[in-house]
**Student:** 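Quick one: structure below, then a few questions.
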Amino acid sequence: MLHRFANPTRFLRIASVVQPWMAWATVLLGGAGLYLGLFNSPADYQQGNSVRIMYVHVPAAWMAMFCYSSMAIAAAVGLIWKHPLADVAAKATAPIGACFTFLALFTGSLWGKPMWGTWWVWDARLTSMLVLLFLYLGYIALVNAFDDPTRGTRASSILVLVGFINVPIIKFSVDWWNTLHQPASVIKMGGPSIDASMLWPLLLMAVAFTTYYLWVLLIRIRTEIIANKIRIARLKQVHG
Amino acid sequence: MSGFMAILKRDLHLATRQGMDNMMVVMFFVIAVVLFPFGVGPEPNILARIAAGVIWVAALLASMLSLERLFQTDFEDGSLELLSLSPITLEVAVLAKVAAHWLTTGLPLIVAAPLLAVLLNMNAEGFPMLIVALLLGTPSLSLIGAVGAALILGSRRGGVLLALLILPLYIPVLIFGVSAVDAVIGGFEANAQLLILGAFLMGALALCPWAAAAGVRQAIE
Amino acid sequence: MSIFCGQNLICVRGERTVFTDLDFNLDAGGALVLIGPNGSGKSSLLRLMSGLLPQAAGSLSWNNEEIREDPEAHADRMHYVGHHDAVKPVLSVAENVAFWASLRGRGKKTQSAVMAALEAFGIAHLAEVPGRFLSAGQKRRVNLARILAAPAPLWLLDEPTTALDKQTIGALEATIAAHRAGGGMVVISTHSDMGLESFKVLDLAGFAIRQAS
């Protein structure tokens, strides 16, 4: 009758097929990427072995941005076309993205210790990541702040769109604020000059992180759908 | 336009008849700034160095605290429903409320700011720029904050949540507001910073009423 | 020829379907009384008619034009009285009513219209009194005076008799009768019987979602 309440059977069927593939891809690609990165790639002539943190740090930072963009797209789809799965996907992505952001900050800090001699530097890239973490946390707080879950979803969809418009502005501002940040950045190394022995593990890890994200996302969406069913059953009990 | 003026006048009326409520925001601003010498010590050089930053951060917090009530009372007594049902476009109504909010809380903060700059031993060359930067920056804060204030309507624990939502979005205004003052004190031009603050204000004027109205609509459904 | 019509309306609040496949129509001068048990969706239907709540499906039209197409035009021809009275404690009764009237741009006539509206509900003597001193019934009368001060053809009244005494209910009945005599329409939800003439009744209990096993 109403697609809003329609049982997303088709999604669940596809998800149960795709999910194990994602799990295996994560394990295999991640394993290969870690092996190549940790044992089969050269140490940096300046940074020594600590450069290997890159194989976790850089994909985590990419995923942090990717997850926030995905949330913004999902939120827009949810607001405009009222597609129920889009709302669920945005909500399910947030904690995963926040974890990636935290991982990027944490590994960045670990990396900073040997490079800068201190755990934390107000480097422009790290600072932007920190603000991104706050944006994630604000979203998660708002989603859960209402007794009526649909209210939380809608309010936080607006928030994530506002945040998404702000991300480049924040990035620009933080760069301005910290014009003395490290010029030889990791992401800029990803040009054609990078050695294949470093590029391969990096790409493998990036793909593994993406499949990991999809894997966990599918689990979270399925859980959310089941939780919704329980909630609707409760409402039926109350209202007959 | 007449609707805009009617709402603006009503909100100014409401604010002036509850005079103490707005003074409390200014008092918070003053006390928050005065805490810093106790925290970092009374050394004039250190205070002068951090003066612009401290004043801006305190203004940010004061503006945020006062924003919690922007839609809250109207939401609770049903006025917000009626406003959205009036023939005035909700975006315009939101803009009028934000304008009234800025006139009653943002403007007093700007008046108090030079006084605090004196207490913090700020270089006198920075005073005019502090006021100009605040004049350009605080309306953006009110506009961005209005989005947050609309989104938290009807939530549990509104105030803390509002801080979590909008303080990260305030960072660009803070950066350029402080940078403008510091540049002038350091003997440089601050035109770039002012232009960027102006651009933020234009962007906020264009986008925030729209987002805040969307927030209000979903809150009163 | 009905002016205000709803067809196949479905209303969803939160995650609950309140009613389905609801039709109604209202002619000039008509009155529609909504009845039904608690939770059957009387308030939801009124909010839906006002445009506060978008319908999940179905159409809502005024002179065969979808209301969603031009919500501001709908707002201009409609008054809604909900559970809250929207009386500001620091504004006087007259200021409260005048503010809402001024949003509808009735210009110079506002002041006299406000006084006439207060007169109709017997609160003219309270015109200068700030809202915070009013009782619940007086606040409700201020809210009702609001809809008189700026004329609009459609009135949506959600339990308007709450907190009102017999005398004021009488005044409300007279006001509604005059409004209808002038071609105005009213949709009203109520628990108590009101003295209205030739009205239609819509029992919302009949539109609850059928329990699909």
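Sequence lines set the chain letters: A, B, ... in the order given, protein chains first and strands last, and positions in each chain run from 1.
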**Student:** Taking 4.5 Å as the heavy-atom cut-off, does anything in residues 54-64 of chain B contact chain A, and if so which residues?
**Tutor:** none
**Student:** Would you call the rings of B:F176 and A:W176 parallel, tilted or perpendicular, taking 30° and 60° as the class edges?
**Tutor:** tilted
**Student:** Can you measure from OG1 (A:T127) to CD1 (B:I171) and round to the nearest 0.5 angstrom?
**Tutor:** 9.0 Å
**Student:** Of all the heavy-atom pairs spanning B:L164 and A:A141, show the shortest one and how long it is.
**Tutor:** CD2-CB, 3.6 Å
**Student:** Are there more than 12 heavy atoms of other residues, nucleotides or ligands under 6.0 Å from atom CZ of A:F102?
**Tutor:** no
**Student:** Counting a contact as any heavy-atom pair under 4.5 Å apart, which residues of residues 32-40 of chain B contact chain A?
**Tutor:** none
**Student:** What residues of residues 69-79 of chain A sit under 4.5 Å from chain B when only non-hydrogen atoms are counted?
**Tutor:** none
**Student:** Quick check for you: among A:N144, A:D147, A:L130, A:V162, which has the greatest number of heavy-atom pairs under 4.5 Å with chain B?
**Tutor:** A:D147
**Student:** Looking at B:R49, I'd like to know if its CZ atom is crowded, meaning that more than 12 non-hydrogen atoms belonging to other residues, nucleotides or ligands lie closer than 6.0 Å.
**Tutor:** no
**Student:** Should we say atom CZ of A:F146 is surrounded by more than 12 heavy atoms from elsewhere, each under 6.0 Å from it?
**Tutor:** yes
**Student:** Once you round to the nearest 0.5 Å, how far does CG of B:L151 lie from CG of A:L159?
**Tutor:** 6.0 Å
**Student:** Measuring from atom CG of B:L174 to atom OG of A:S173, what distance do you get when rounded to the nearest 0.5 angstrom?
**Tutor:** 10.0 Å
**Student:** Mark yes or no for whether A:R151, through its side chain, and B:L153, through its backbone, hold a donor-acceptor pair below 3.5 Å.
**Tutor:** yes
**Student:** If you check every heavy atom in residues 199-220 of chain B against those of chain A, which residues fall under 4.5 Å?
**Tutor:** B:F200, B:L207, B:A211, B:A214, B:G215, B:Q218, B:A219
**Student:** With rounding to the nearest 0.5 Å, note down the distance linking CD1 in B:I175 to CG in A:D175.
**Tutor:** 9.5 Å
**Student:** Non-hydrogen atoms of chain B under 4.5 Å away: do they reach the side chain of A:D148, the backbone, both or neither?
**Tutor:** neither
**Student:** For B:L169 and A:L135: C-alpha separation, side-chain torsions, deciding distance, then whether side chain to side chain contact (heavy atoms under 4.5 Å, CB included) applies.
**Tutor:** CA-CA 8 Å; B:L169 303 179; A:L135 292 180; 3.8 Å; yes
**Student:** Which bit of B:L161 comes within less than 4.5 Å of chain A, counting heavy atoms only: side chain, backbone, both or neither?
**Tutor:** side chain
**Student:** Using non-hydrogen atoms and a 4.5 Å limit, figure out which bit of B:I166 sits close to chain A: side chain, backbone, both or neither.
**Tutor:** neither
